[in-house]
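Everything below concerns the one structure shown next.
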2 protein chains.
Amino acid sequence: METTTPHHTRHDSREDLLKAARELIVGRSYTSVGIAEICARAGVRKGSLYHFFPGKEALTLAMLDALYADFEREVLIPGLAGANGLHARIEAFVHAIHAFETRMQAESGQLPGCPFGNLAVEMGTHNPTLRRAIRGHLDAVTAHFRSVLDEAVQDGELPGDTNTEALAEQWLALMEGILVMAKADQDPATVLRLGPALVTLLTHSPPEVPHER
Amino acid sequence: METTTPHHTRHDSREDLLKAARELIVGRSYTSVGIAEICARAGVRKGSLYHFFPGKEALTLAMLDALYADFEREVLIPGLAGANGLHARIEAFVHAIHAFETRMQAESGQLPGCPFGNLAVEMGTHNPTLRRAIRGHLDAVTAHFRSVLDEAVQDGELPGDTNTEALAEQWLALMEGILVMAKADQDPATVLRLGPALVTLLTHSPPEVPHER
DNA sequence: ACACTAGTTGACCGGTCGGTAAAGTGCAAG
DNA sequence: CTTGCACTTTACCGACCGGTCAACTAGTGT
């Protein structure tokens, strides 16, 4: 038998809070979402939030961990193993992002852009803890990009002396910029319109670090 | 004689408010800066702010206009006419941005990133007025980029069939992304490290719209 | 001398912010 | 049956938010 339900697995308020925080903060922003609103959406009283989390910042940190885990599982991993060839993988990635932004706009009425980039921009200057956590997630994304580029080098699609580490970071930067533009436009089509820039960047990078001076 | 002092040109509270709002909002963010703090820095009482501006949003709109005018005069115009050749102009632009971010970090202790991009990300989802104003300024920046690219086409540095309109938008997107990364790092060196991506993007764009399908 | 007006001042508003404290609830192990 | 503990509930806190208001000050034109 051993019903392993540790207590009695009622509503799992902790999960509800994380879900509500994700939907609200990703859809709008950190400061514009209050804990009262998060609690209301989660169907949980404010005091309970402070039983599970020390405060709003810690809740957001935990939410970001879960968000990255889902992003890795649903986009990064499939995009890496899914298509064949660098060009096809870039296009698949762009379309996955486009689909995400389109779905979010349909659900919440707003095109959110990149959840991690948004937080980095909003809190980067005055919350070092959040900033460093986001920086870590962005590094993890870069590592996935790099492994895609390394495979392309092995398959002869990119020159053998390609600096895949630097190029992966440029990939992420361009992707973040595309999402800033799409958010300014509030139009997912911007993702598709600017997507080809990724192909240009990733298939024409200079052979080796110029080693200036 | 005709001392043209319309009233008596005392402290010009309006200018002081715009200056304070610029320093604070650019250095941090829109929501994290209150009008009380803006008034305190400007040496003006709160009621006076509402004599010159309908509210915080209108003050920010006016501040953004002045900010863009300065950016155009101090960076965009010199960068366009200053150096010779596309490559040199890109590098001059990157270094101008790097200098700005370095100076801001020295003055306020924080690396702000792109003031327009920041506002677009922070307010893009829930303040259409601000979003549209920022979108207008970004379009103006894109127009300057495009004229640089058009000159490069005329000088034979880029192929004659280059889509300079699309490429200028990609330039802006990559620049915004670079500044998001620099803000996440809180390190101006990131601007220089990612700067070469602009050269890759702008000197290897595909000849013509692929015209798929 | 007077009225007009641009600009200033400080007190005040309701609402919301993140966070706290204390009492209560119900299950489970002793 | 009782104790302990995970969790919930409610009331409350001071601080701050953007914004309003009426009274006041001081130059200007008549």
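In what follows, every chain begins at residue 1, and chains take the letters A, B, ... in the order their sequences are listed.
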Expressed in angstrom and rounded to an integer, what is the separation of [X] atom [atom1] from [N] atom [atom2]?
{"X": "B/I38", "N": "D/dC16", "atom1": "CD1", "atom2": "C1'", "result": "14 Å"}
{"X": "B/E37", "N": "D/dA15", "atom1": "CD", "atom2": "C1'", "result": "14 Å"}
{"X": "B/D12", "N": "D/dG27", "atom1": "CG", "atom2": "P", "result": "16 Å"}
{"X": "B/L49", "N": "C/dG10", "atom1": "CG", "atom2": "C1'", "result": "15 Å"}
{"X": "B/F52", "N": "C/dG7", "atom1": "CZ", "atom2": "C1'", "result": "6 Å"}
{"X": "B/L17", "N": "C/dG7", "atom1": "CG", "atom2": "C1'", "result": "12 Å"}

Quick one: does any side-chain atom of B/N118 pair with a main-chain N or O of B/V26 as donor and acceptor, under 3.5 Å?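 No, because the side chain of B/N118 does not come within donor-acceptor range (under 3.5 Å) of the backbone of B/V26.
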Under the 3.5 angstrom rule, does the side chain of B/K183 hit a backbone N or O of B/C114 as a donor-acceptor pair?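 No, because the side chain of B/K183 does not come within donor-acceptor range (under 3.5 Å) of the backbone of B/C114.
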Distance below 4.0 Å between B/S13 side-chain N/O and C/dG7 OP1 or OP2: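 No, because none of the side-chain N or O atoms of B/S13 sits under 4.0 Å from OP1 or OP2 of C/dG7.
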Under a 3.5 Å cutoff, is there a donor and acceptor pairing between the side chains of A/E122 and B/S29?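 Absent: no donor and acceptor within the cut-off.
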Centres of the B/F93 and B/F145 rings: under 6.0 Å?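 Ring-ring flag for B/F93/B/F145: true, centres closer than 6.0 Å.
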Between side-chain atoms of residues 44-55 of chain B and protein atoms elsewhere (two or more places apart, or another chain), which donor-acceptor pairs fall under 3.5 Å?
none

In 5'-to-3' order, the base (B), backbone-only (S) or no-contact (-) status of each nucleotide in nucleotides 18-23 of chain C, using a 4.0 angstrom heavy-atom cut-off, is BBB---
Give me the atom names and distance for the closest heavy-atom approach of A/L18 to A/M63.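 So the two residues come closest at CD2-N, 3.6 Å.
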Nearest to the side chain of A/H51, which nucleotide is it out of C/dG10, D/dC7, C/dT8?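 Looking only at side-chain atoms, A/H51 lies closest to D/dC7.
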